[in-house]
Structures are given as structure tokens and as C-alpha cells.
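A short write-up of the structure that comes next.
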Amino acid sequence: MYIASVIVTVCANIISVIGLALLTGYTGMFSLGHAGFMAIGAYGAVLLNRYYAVPYFLALISGGVMAAFVSVIIGYPTLRNKLRGDYFAICMLGFGTVVRLILNNLNNPVINGALGLPGIPKLTSLWSALFIMAILVYFMWNFVNSQYGKNCVAVQQQEVAAEMMGVSLVKTKLLSLVISAFYCGVAGGVLGFWLQYIAPASFSDTRSNDFLATLVTGGTNSITGPFLAAILLTTMLEYLRFLVNWRLVVYGLLYILVMRFRPEGIMGYKEFSLKKTILFFKEFPQNMGKLKGKWVGFWESRNRN
Amino acid sequence: MTSSEKILEVNDLVIRFGGLTAIDGVNMHINKGEFVGLIGPNGAGKTTFFNSITGNVTPSEGSISFNGESLLKKSPDVISHMGISRTFQNIRIFPKMTVLENVSLPMHSKPSYNFFSAMLGLPSVKKADKIIQEKAMDFLHRLGIAEYKDYEAGTLPYGLQRRLEIARALAADLSLLLLDEPAAGMNNDECNELVELLQGIHEDFDISIMLIEHHIDVVLNLCSRIYVLNLGQLLAEGPPHEIQSNPDVIRAYLGERREGR
């Protein structure tokens, strides 16, 4: 059961990070508050299931839709007024905190304040989590390779030109925010129905930061990069448990190394392709030679300085 | 090809940035199918003028109308869909996208399918994408950069990036093309090539073009009418030979002879 638990956590993280990948990686808007959407999705799905007996899949989708709806309320005014870059990120940070604090302070029997919601039925199974993750990743893959996805990339790369070529900035940005909020909401529901307990504290800013860190490590403008990074970082967190608090140091070190040697992330602007990987290993000797050349060049340039 | 029907009309345009008046009461028009030049010393307000047409800068006073419809208070993407397209003085391609994706973009800036079908990856979506790619290839062939279609746009040399920008501007369904210094940084041979290219485009696509350029040969070869801006004001207007001999224009470019010499 321990392995299953790790896999379900990985799935939930993949769903949220892939959602964030559209907003941050493709459209180029940083968010520090996506845990807020996750909280809305989780609470929404669980409460619908508890009080209206909404079935599992429908509850997850409704939770996602609620998160998406809230993202329109927060997104439309901010994006219409052309908040971008750091300002947008901080706005989302505020949003995430506000959601958590509201949940924390609603001490009625439904929300139950800081104590959270215990006794949630265990509706998420290993297979349903894997299935939902696979479907959502497949949808996102189609989306980023469609005309919509290309418009997002254009906005990220050269906003002025994209707008002048007819891309509506507000629409494009809002759509990617809504979709990413939906993904995070669904991830919250999946996690809630697995852990059987949710509380406002499980959706803290740390979680938002983890999403962003995972995404940047995996690489922007890529689906497979964040996908692999989410698997790597989440499982690492489990396998490094024997280090207790020192595992966070390992994390910090990993981030520093990635930023120093591959600032564009593990995959960065590229997708993982099995064909190319096989080709790489077929021509292993030459490729190793190239890599060695790069390293030698790197060390020589360092020593010169 | 040139008719007297006005495609763009600008009346008493004033643009102020705080205390600075960048454009000061300019009247201008472009007829259908005309090739108009806009010249002037640095800082005359040429690019600001373009920016006000495309909706990046909001005019303080005056009116701009395109095919009889006012462009004021419209956002750049709306104006683009009305049929105005442009290139930029400092190249603004999408550097990490491929050449083909760059040129495809204006054609799908309003996607032809809804995002549910995009997520499901329906066959109709693939078909629509393919049609756009084929159209984009036509533009690449026309501009002679088809062989670079899979290159990352940012890795192309400067001259080809300029061509790519023109191709991208043409790919938008346009009737007025604004070119902001397309020959900047080009030598004489390259300029001649560009003149030929632009002449061909003007004839083939049946569009009106307004050109900002410092290479005076390029302007004189291409334009049937030239406007001269200086310090935000319209200094002169007329066919090339008149502009060449206009004393005001010569004074603005070369400075005045001092008294007593």
C-alpha cells in the first residue's frame, strides 16, 4: 500500500504541475498560489460527495470546474488591467493565502475551520488516479500542440508582436489560467479522496512553491519535462525520508545544480522522445565524446577566469 | 491599381507622452493600393505614428479611420483582424518557435475550432492545422525562406529574420501593410533585393503599403507619394521628385546654412 500511496501522490502532483506548465511554461505567467485552486477543488469535490452524494468522477470534475470558475473571478480583473510578471505572481500568492485563511476561519460544521474534513470515503484507487492522470496529460498534450497552444507560446515569447498579429492577450491568458486552475482542482479532489482527510494547512504556499520548482526543474515549454520532474522529485521525497530534515537540503542542492547547468530545465523547450533516446545510446561513444568535449570546454573556461 | 478611395485616413492626430508632444497635428491618408513612404530624421515620431495606427499608443486628440471605421479605442488584436499588419523596427519574431510556426501564427490567432476539440485532438483539428501549415509554406516560398522552415527562428541570420517578419505580416489577412525600416542594417545589394521583393509583394497581394525607411534610395524607388515628418509635425508631402528638391526637407535633414556665409 505504501507504493500505491507514493504513486497516487505522484499522479496528483503530475496533474497540478502539468496544469501549471500551461500557465507558466507555455503562456509565461508565474503563479505562486495554485495550491489555492487545489484547495477549492478538494473541498468542492469532497463536500459535493458528502452532502449531495455526487459520484466520484462527477465530484472531481465539479471540483475542477469550481476552481476554474474562481480563477475567472480572480483572473479577469488582473489580466484585463495588464498585470504581468512579478505582479501577477504576487497577486496569485495573495489569492492562495486568502483561500487558505478563509477556509481556516470558517468554523461552521460544514467547512470545520482549521480542523479540516476528516472521514472522507476512500474513493480514489491506484488505477483511477493513474487513469485520470493519463487522460489529463493526453488532453494537455493535444492542447499545447493545437492552435491555442501555439498562441500561448507566442504570447510568452513576444507579447507585443503576438497581440499585433491578432492574438487576444486577455483571452489567451485567461484560458490558460482557467485550464490550469481546473487541473489543480481535479488534483486536489484526487488527493482528498485518497488521503481521506483534508485541512487548510495541506494547501499552504509551500505546495504552490513546490509546483513551481518542479515545473522549472522539468523545463518550461515542455510537457514531458515537468512530467518527469514531478515523478523524480516526488519519489525522491519519499526515498530520502531517512535523511529527515536534511532531504530539503538535497532539494535545494538539486535546484541550484539545475539552475547552474541547465537553466532552461531538464527538458526545456524540448519534448522527451523515445526515438532520439534510442538513437543517443546507439551512437553512445560519439555522444560521450561530445559531452566530454563540453565538460573540458567548461572547465577550461572556468580556469581561464 | 491606385484608386482615389481612401483606405486609411488620419486627421489632426496629436500624441503626447506627459509633457512631450511626439505627434503634433498630423493629417495623412493612404489610398487603396498605394505605396506611401514616411521619412524623417530620428525622433521625428514615425514609429509612434505606426504605433498609434496599430493601437499600441492611444492618441491624445484626433481621429484615425480605416475603411471608414474608427480605430480609436480598439485593441491591437482587433485592429489586426480588421486587416492592418506590420513589421517592427527592432525585429520581433518568436525566437524559440520554428520559422513555420512563426508564419502560421497570424492565421490561427483566432483558432478555427473550440478548445474542447483541441484537447480531444479530433481529426478536424489536425486537418485545420494542416491547411494552415500549407498556406504558411506558400508564404515561405514567396519570401524565399522555405528551406529554413524547421529552424528555430531566433537562430536565423539577421537578413532572413527580416524576411520572416515580412512573411509573418503577410500571413495575416491584410489590406494595409506597415513596414518599419525593413532595410535597416542592409548593404546596397541587399537593399536592391528588398526593393524588388517589396515591389513584387505590392503587385501580387494587391495591398496598400506604408514604408518607414532611412535608405532614401529604397523609398524613392518604391513609393509613389512620400510624407516627411519632423519633430512630430508634417513637413512636406508629395511625389518623390518634389520631396527631393523641397528646401524644407533639405533643411531638416542637413541643417541650415548660417547667415553671412
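Quick note: numbers below take in every heavy atom, side chains included, and nothing from hydrogens, waters or symmetry partners.
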Under 4.5 Å from a heavy atom of chain A, the part of [X] involved:
X: B/Asn56; result: side chain
X: B/Phe115; result: both
X: B/Leu174; result: neither
X: B/Thr54; result: both
X: B/Ser117; result: neither

Is it the case that over 12 heavy atoms from other parts of the model lie below 6.0 angstrom from the [atom1] atom of [X]?
X: A/Tyr255; atom1: OH; value: yes
X: B/Lys110; atom1: NZ; value: no
X: A/Tyr87; atom1: OH; value: no
X: B/Tyr148; atom1: OH; value: no
X: A/Asp86; atom1: CG; value: no
X: B/Asn11; atom1: CG; value: yes
X: B/Tyr158; atom1: OH; value: yes
X: A/Tyr56; atom1: OH; value: yes

For residues [X] and [Y], report the shortest heavy-atom separation together with the two atoms involved.
X: A/Gln157; Y: B/Pro95; answer: OE1-N, 3.3 Å
X: B/Leu105; Y: A/Met165; answer: CD2-CB, 4.0 Å
X: A/Glu163; Y: B/Ser75; answer: OE2-CB, 4.5 Å
X: A/Ser168; Y: B/Asp77; answer: CB-OD2, 3.3 Å
X: B/Met119; Y: A/Asn142; answer: O-ND2, 2.8 Å
X: B/Pro76; Y: A/Met164; answer: CB-SD, 4.1 Å

Q) What part of A/Ile135 gets closer than 4.5 Å to chain B, counting heavy atoms only: side chain, backbone, both or neither? A)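 For A/Ile135, no heavy atom lies under 4.5 Å from chain B.
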Quiz item: Does any heavy atom of chain B fall under 4.5 Å from the side chain of A/Asn145, the backbone, both, or neither of them?
Solution: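 Interface part for A/Asn145: backbone (N, CA, C, O).
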When heavy-atom pairs shorter than 4.5 Å are enumerated against chain B, which of [options] gives the highest number?
options: A/Lys171, A/Met140, A/Gln158; value: A/Gln158
options: A/Leu169, A/Leu175, A/Asn221, A/Val160; value: A/Val160
options: A/Val144, A/Ile179, A/Thr172; value: A/Ile179

Could you measure the distance from the [atom1] atom of [X] to the [atom2] atom of [Y]? Nearest 0.5 Å is fine.
X: B/Asn114; Y: A/Ser146; atom1: CG; atom2: OG; result: 10.5 Å
X: B/Leu120; Y: A/Tyr138; atom1: CG; atom2: OH; result: 8.0 Å
X: A/Gln156; Y: B/Met97; atom1: CD; atom2: CE; result: 9.5 Å

Whether B/Tyr113 and A/Tyr148 hold their rings parallel, tilted or perpendicular, with breakpoints at 30° and 60° =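 Rings of B/Tyr113 and A/Tyr148: tilted, 30 to 60°.
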| query | Where do B/Lys96 and A/Val153 land on the side chain to side chain contact (heavy atoms under 4.5 Å, CB included) test, with the steps shown first? | reply | CA-CA 9 Å; B/Lys96 291 276 186 185; A/Val153 178; 6.0 Å; no
Next item on the list: Give a yes or no on whether the backbone of B/Ser109 and the side-chain of A/Gln147 come within a donor-acceptor separation of less than 3.5 Å.
Entry: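 Side chain of A/Gln147 to backbone of B/Ser109: no pair is present.
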- Item | A/Asn151 (side chain) donor-acceptor with B/His108 (main chain) under 3.5 angstrom |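 Checking the backbone N and O of B/His108 against the side chain of A/Asn151, a donor-acceptor pair under 3.5 Å is found.
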When B/Pro111, B/Ala118, B/Ser85, B/Pro106 are compared by non-hydrogen pairs under 4.5 Å with chain A, the top option |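 The option with the most such pairs is B/Pro111.
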May I ask you to name which of B/Ser80, B/Gly154, B/Ala171, B/Ala128 has the most heavy-atom pairs under 4.5 Å with chain A?
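Sorted descending by pairs with chain A, the first entry is B/Ser80.
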